[in-house]
Amino acid sequence: MSSKHALVIGGTGMLADVSLWLVETGYQVSIIGRTMEKHRKLVDKASKPEFITSLAVDYSNYLLLEEQVRKTVEENGPISLVVSWSPIRTLEIINQVLSEQKDSWELYQIKGSRRFFDNEPPLSDSSCQQRSIYLGFTMEGNQSRWLTHNEISQGVITNIKEGNTESIIGILHPYDQRPS
Ligand SMILES: NC(=O)c1ccc[n+]([C@@H]2O[C@H](COP(=O)([O-])OP(=O)(O)OC[C@H]3O[C@@H](n4cnc5c(N)ncnc54)[C@H](OP(=O)(O)O)[C@@H]3O)[C@@H](O)[C@H]2O)c1
């Protein structure tokens, strides 16, 4: 077991390479996603598979989510880093559990482009340092396209390394040029 423990919510999809990078950098990584097959594929790719804990849970099942997160904290130690692609209600449950820990934790919240224009309040009563990463789009010549999973994961990794409070992967302006 590693002394550092991270949680990646939605870590079997577009954030899969973030999950694998965290394993590489020495984290014990707990990963939330519903599909066991996606968990298996990710574990197969990991350099140190024993550093992954697969939590095959629907994050909308709040009771089970809380139970699974408490269990992984008990077994793998306090969580110091959360990378999340999930709805806010899911994060509130995570926040409730992790704010019982002695030490503060970092949250990198991955958000869709529309949320950039919302004035979202931070998580209340939280001991976390909250950081936002917005997913934009990219231009190729005069054509726009959405980001690839690889671009998203690499962008998230860069922002975690730099500890940015707020960042955009790709671009958000001119917003009317985003792909349909
Ligand atoms: N701006 C851009 O360029 C860009 C590019 C790509 C995607 N996106 C946006 O990102 C979003 C996600 O795209 P995607 O579906 O392709 O991403 P994805 O990363 O393939 O899927 C989301 C991840 O969350 C997990 N997940 C989804 N629902 C869950 C639930 N209820 N409980 C637990 N885990 C859950 C998935 O695993 P399971 O399905 O196994 O649960 C998977 O690991 C979309 O809204 C899309 O618009 C934006």
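All residue numbers refer to positions in the sequence shown, counting from 1. In each ligand, atom 1 is the first atom listed, and ligand 1 is the first ligand listed.
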Trainee: Answer whether the closest heavy-atom distance between the side chains of Leu55 and Ile31 falls below 4.5 Å.
Mentor: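 With C-beta onward as the side chain, the pair stays apart.
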Trainee: Identify the protein heavy atom lying closest to atom 21 (O) of ligand 1, giving its residue, its atom name and the separation to 0.1 Å.
Mentor: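 Atom 21 (O) of ligand 1 sits closest to the protein heavy atom Gly13 CA, 4.5 Å.
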Trainee: Does some side-chain heavy atom of Ser127 sit less than 4.5 Å from a side-chain heavy atom of Trp105?
Mentor: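 Contact flag for Trp105/Ser127 side chains = yes.
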Trainee: Would you find more than 12 non-hydrogen atoms of other residues, nucleotides or ligands less than 6.0 Å from Glu37 atom CD?
Mentor: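 Yes, because the 6.0 Å sphere around CD of Glu37 holds more than 12 heavy atoms from other groups.
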Trainee: Are there over 12 heavy-atom neighbours, none belonging to Asp125, within less than 6.0 Å of that residue's CG?
Mentor: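 At most 12 heavy atoms, drawn from other residues, nucleotides or ligands, come within 6.0 Å of this atom.
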Trainee: Could you tell me the residue and atom name of the protein heavy atom closest to atom 13 (O) of ligand 1, and the distance to it rounded to 0.1 Å?
Mentor: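 I find the closest protein heavy atom is Met14 SD, 4.3 Å.
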Trainee: Where's the contact between Trp85 and ligand 1, heavy-atom distance under 4.0 Å: side chain, backbone, both or neither?
Mentor: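 Answer for Trp85: side chain.
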Trainee: If you have a sec, work out which protein heavy atom is nearest atom 24 (O) of ligand 1 and how many Å separate them, to one decimal?
Mentor: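 Nearest neighbour among protein heavy atoms for atom 24 (O) of ligand 1, to 0.1 Å: Gly10 CA, 3.2 Å.
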Trainee: Compute the shortest N/O to N/O distance between Trp146 and ligand 1 and return yes if it is under 3.5 Å, no if not.
Mentor: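 No, since none of the N or O atoms of Trp146 sits under 3.5 Å from an N or O of ligand 1.
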Trainee: Closer than 4.0 Å and a protein heavy atom, does any atom meet both conditions relative to atom 1 (N) of ligand 1?
Mentor: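 Yes.
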Trainee: Provide, to 0.1 Å, the distance between atom 6 (C) of ligand 1 and the closest protein heavy atom, together with that atom's residue and name.
Mentor: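 For this ligand atom, the closest protein heavy atom is Ile152 CD1, 3.6 Å.
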Trainee: Would you say Lys41 has more than 12 foreign heavy atoms packed within less than 6.0 Å of its NZ?
Mentor: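 No, because the 6.0 Å sphere around NZ of Lys41 holds 12 heavy atoms or fewer from other groups.
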Trainee: Among protein heavy atoms, which sits nearest to atom 40 (O) of ligand 1, and what does the distance come to when rounded to 0.1 Å?
Mentor: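 Residue, atom and distance for the closest contact: Thr35 OG1, 2.5 Å.
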Trainee: With a heavy-atom distance limit of 4.0 Å, tell me whether Lys38 approaches ligand 1 through its side chain, its backbone, both, or neither.
Mentor: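 The answer is the side chain.
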Trainee: Inspect the surroundings of CD in Gln143 and state if more than 12 heavy atoms from other residues, nucleotides or ligands are less than 6.0 Å away.
Mentor: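 Check fails, neighbour count at 12 or below.
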Trainee: Could you find the nearest protein heavy atom to atom 37 (O) of ligand 1 and give me its residue, atom name and distance?
Mentor: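 Closest protein heavy atom to atom 37 (O) of ligand 1: Thr12 OG1, 3.5 Å.
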Trainee: If the test is salt bridge (charged side-chain N to carboxylate O under 4.0 Å, His left out), which one of Glu67, Glu74, Glu75 qualifies with Lys71?
Mentor: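 Only one option passes, and that is Glu75.
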Trainee: Are any of the heavy atoms in Gly136 under 4.0 Å away from ligand 1?
Mentor: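 True for this residue.
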Trainee: Relative to ligand 1, is Val57 under 4.0 angstrom through side chain, backbone, both or neither, heavy atoms considered?
Mentor: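 For Val57, only backbone atoms sit under 4.0 Å from ligand 1.
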Trainee: Could you check atom 8 (N) of ligand 1 against the protein and tell me its nearest heavy-atom contact, residue, atom and distance included?
Mentor: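 The closest one turns out to be Leu135 CD1, 4.1 Å.
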Trainee: Is atom 28 (N) of ligand 1 near the protein, in the sense that some protein heavy atom lies at less than 4.0 Å from it?
Mentor: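 Yes.
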Trainee: Tell me, which protein residue and heavy-atom name are nearest atom 35 (C) of ligand 1, and how many Å apart are they?
Mentor: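 Checked against all protein heavy atoms, atom 35 (C) of ligand 1 sits closest to Tyr59 CE2, 3.4 Å.
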Trainee: Protein heavy atoms: any of them under 4.0 Å from atom 31 (N) of ligand 1?
Mentor: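 Given the 4.0 Å limit, the answer for atom 31 (N) of ligand 1 is yes, a protein heavy atom qualifies.
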Trainee: Should Ile160 and Trp21 count as side-chain neighbours, where that means a heavy-atom distance under 4.5 Å?
Mentor: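 Side chain of Ile160 against side chain of Trp21, heavy atoms only: contact under 4.5 Å found.
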Trainee: Would you mind finding which of Arg178, Arg34, Glu37 brings a heavy atom closest to atom 38 (P) of ligand 1?
Mentor: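 Heavy atom nearest to atom 38 (P) of ligand 1 belongs to Arg34.
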Trainee: If every non-hydrogen atom of Trp146 is compared with every non-hydrogen atom of Pro179, which pair is closest and at what distance?
Mentor: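 Taking Trp146 first and Pro179 second, the nearest heavy atoms are CZ2-O, 3.3 Å.
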Trainee: Check this for me: Arg145, atom CZ, are more than 12 non-hydrogen atoms of other residues, nucleotides or ligands nearer than 6.0 Å?
Mentor: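 Correct, the count exceeds 12.
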Trainee: With a 4.0 Å cut-off, would you call Lys111 and Glu120 a salt bridge?
Mentor: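 The answer is yes: the pair qualifies as a salt bridge.
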